[in-house]
Each structure stands twice: as C-alpha cells, then as structure tokens.
Amino acid sequence: MGRTKKPQLLLTLKTNCIIFHILTKNKKFVSEESVFNKMFKSCDVSMHSKVFDSIVCCYRMCDSTPRVIGALFKTYAQMKQFRNTDDMFSRMKGYGFLPTVESCYLYMSLLLSLNRAGVVVSFYKKMRRSRMMMNVFTVNMLINGQRELS
C-alpha cells in the first residue's frame with residue numbers, strides 16, 4: 001500500500017507575513033520563527049528585501065507591534081545572515097523602528113563568535129547614531145570587539 005501525500009499548501013509572501021504578524025502579536029515566538037525559517041529556506045537573495053517590504057505593508061492592516069519588525073531582525077541574526085541583518089537594521093531605522101538591545105546583543109555576540117570584531121565595532125557605532133539605549137552586555141561586546149582588533 002502506498003502512502004498518500006499530504007497536499008502542500010503554498011502560501012503567498014503576503015499571507016506568510018500576515019501569519020507572522022498574528023503569531024508575533026500573540027507572543028507565539030517559536031511558531032513565528034518556524035514560519036520565517038521555512039519561508040527563508042526556499043527564497044533567493046532578492047526575496048529578503050521583499051519580505052521586509054511585505055511586513056511593513058501588512059503592519060497597519062494587522063494592527064501590529066514593533067516587535068514584529070524586531071523579530072525579523074532577530075531571525076536573520078540567528079540564521080547568521082549577517083548582511084541581511086545589517087541591511088534590516090538600516091531599513092528598520094528608515095521606517096522609525098529599532099530592534100531591541102537584546103536582539104542587537106545576539107547579533108554582536110554571533111559576529112564575535114565568528115571573529116568579525118570589525119563588524120561589531122561598526123554596528124555598535126550605528127546603534128549609537130540611532131540613539132539606542134545600551135546595556136552592560138552590549139558595551140561588553142564592544143570591549144571584546146576592540147580587544148580582538150588590537
């Protein structure tokens with residue numbers, strides 16, 4: 001007897017982003033991360049900017065929170081897609097959003113673990129220019145980055 005395949009539901013980018021807004025707004029962070037991981041595994045390089053645009057487009061319609069945009073930043077960092085993470089920071093800032101300091105700390109610690117101290121120092125400067133409130137962990141990342149560079 002052969003197994004029957006489950007029909008695969010193909011969702012549009014906009015539908016995925018709406019799902020992401022709903023999950024994040026309802027604090028279902030593990031589920032929202034899973035949605036993004038599945039979506040990003042199958043997308044090409046140009047898709048990443050479209051994802052951000054689609055999330056911003058759905059923001060008002062979903063009566064969302066800034067946590068959604070921050071979750072995207074954090075997901076890119078966790079996936080070690082550093083160029084996308086850095087680009088996301090700049091684009092977020094353009095729309096008046098900023099990630100949490102904890103998300104920035106995660107990004108900086110991942111960079112340091114891969115010996116990218118120069119990028120850590122550069123990112124810290126971007127954070128300061130954005131007038132983000134720093135915490136002890138973030139300053140510690142900067143000190144470790146400076147130490148590695150010397």
Side-chain angles (χ1 to χ4, degrees), residues 11-150:
L11 302 173
T12 65
L13 177 60
K14 187 174 182 178
T15 305
N16 274 312
C17 289
I18 291 169
I19 291 168
F20 186 68
H21 278 285
I22 292 167
L23 291 171
T24 304
K25 188 175 177 183
N26 290 294
K27 300 180 181 178
K28 304 291 184 191
F29 300 117
V30 173
S31 299
E32 61 87 357
E33 192 174 304
S34 173
V35 168
F36 259 134
N37 285 334
K38 287 177 187 170
M39 192 166 60
F40 287 143
K41 284 180 183 174
S42 63
C43 70
D44 61 7
V45 176
S46 67
M47 181 75 155
H48 296 285
S49 64
K50 292 176 187 172
V51 169
F52 179 79
D53 293 339
S54 185
I55 284 180
V56 170
C57 178
C58 297
Y59 186 84
R60 283 195 184 121
M61 179 179 70
C62 294
D63 189 31
S64 200
T65 67
R67 191 170 41 230
V68 173
I69 310 289
L72 179 60
F73 176 86
K74 185 178 177 183
T75 301
Y76 277 131
Q78 287 174 327
M79 293 173 65
K80 296 182 179 161
Q81 293 188 1
F82 300 132
R83 185 166 289 146
N84 288 329
T85 308
D86 197 57
D87 180 53
M88 178 62 51
F89 184 84
S90 300
R91 295 189 73 194
M92 288 171 71
K93 201 171 101 178
Y95 282 93
F97 298 109
L98 288 173
T100 63
V101 174
E102 292 79 12
S103 294
C104 293
Y105 170 72
L106 169 73
Y107 176 51
M108 293 169 76
S109 68
L110 288 168
L111 286 166
L112 280 176
S113 72
L114 297 171
N115 299 319
R116 304 290 306 269
V119 180
V120 169
V121 173
S122 172
F123 185 73
Y124 178 81
K125 289 176 183 175
K126 282 184 183 182
M127 290 173 67
R128 294 295 298 165
R129 281 193 299 269
S130 300
R131 299 188 188 333
M132 288 185 72
M133 296 297 293
M134 302 299 155
N135 64 16
V136 173
F137 299 111
T138 310
V139 175
N140 190 36
M141 287 290 113
L142 175 67
I143 291 168
N144 286 332
Q146 292 285 7
R147 186 177 45 97
E148 283 187 26
L149 288 174
S150 0

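Because the structure is a prediction, the values reported are computed rather than measured.
- Taking the side-chain contact (heavy atoms from CB on, under 4.5 Å) definition, one finds that Arg129 meets it with Lys125, Lys126, sequence neighbours left out.
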Identify every side-chain donor-acceptor pair in residues 103-118 under 3.5 Å, counting partners at least two apart or on other chains, and give the distances.
unit_1, atom_1, unit_2, atom_2, d
Ser103, OG, Thr100, OG1, 3.0
Tyr107, OH, Phe82, O, 3.4
Ser109, OG, Tyr105, O, 3.3
Ser109, OG, Leu106, O, 3.0
Ser113, OG, Leu110, O, 2.7

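- Between Pro99 and Lys74 the shortest side-chain heavy-atom distance does not fall below 4.5 Å.
- One finds the OG atom of Ser31 at 11.0 Å from the CD1 atom of Ile19 (value rounded to the nearest 0.5 Å).
- Residues passing the side chain to side chain donor-acceptor pair (under 3.5 Å) test with Gln81 are Asn84, sequence neighbours excluded.
- The side chain to side chain donor-acceptor pair (under 3.5 Å) search around Asn16 returns none, not counting sequence neighbours.
- Inter-residue side-chain proximity for Asp63 and Lys25 is flagged as met; some heavy-atom pair is nearer than 4.5 Å.
- Interatomic distance, Arg131 CZ to Lys93 NZ, rounded to the nearest 0.5 Å: 10.0 Å.
- At a threshold of 4.5 Å between non-hydrogen side-chain atoms, the residues Leu72 and Met92 do not count as touching.
- Counting heavy atoms from C-beta outward, Phe73 and Phe52 have side chains that stay 4.5 Å or more apart.
- Side-chain contact between Ile69 and Tyr95 is absent, with no heavy atoms from C-beta onward closer than 4.5 Å.
- In terms of the ring-ring contact (aromatic ring centres under 6.0 Å, His included) criterion, Tyr124 has no residue partners (sequence neighbours excluded).
- Of all heavy-atom pairs between Ile55 and His21, the closest is O-NE2, 2.9 Å.
- Note that the CE atom of Met132 and the CZ atom of Phe89 stand 5.5 Å from one another [nearest 0.5 Å].
- In this view, Lys14 and Thr12, Ile18, Ser54, Cys58, Met61 satisfy the side-chain contact (heavy atoms from CB on, under 4.5 Å) rule, not counting sequence neighbours.
- Taking both residues in full, the closest heavy atoms of Leu98 and Ser130 are given as CD1-O, 3.8 Å, listed atom of the first, atom of the second, then distance.
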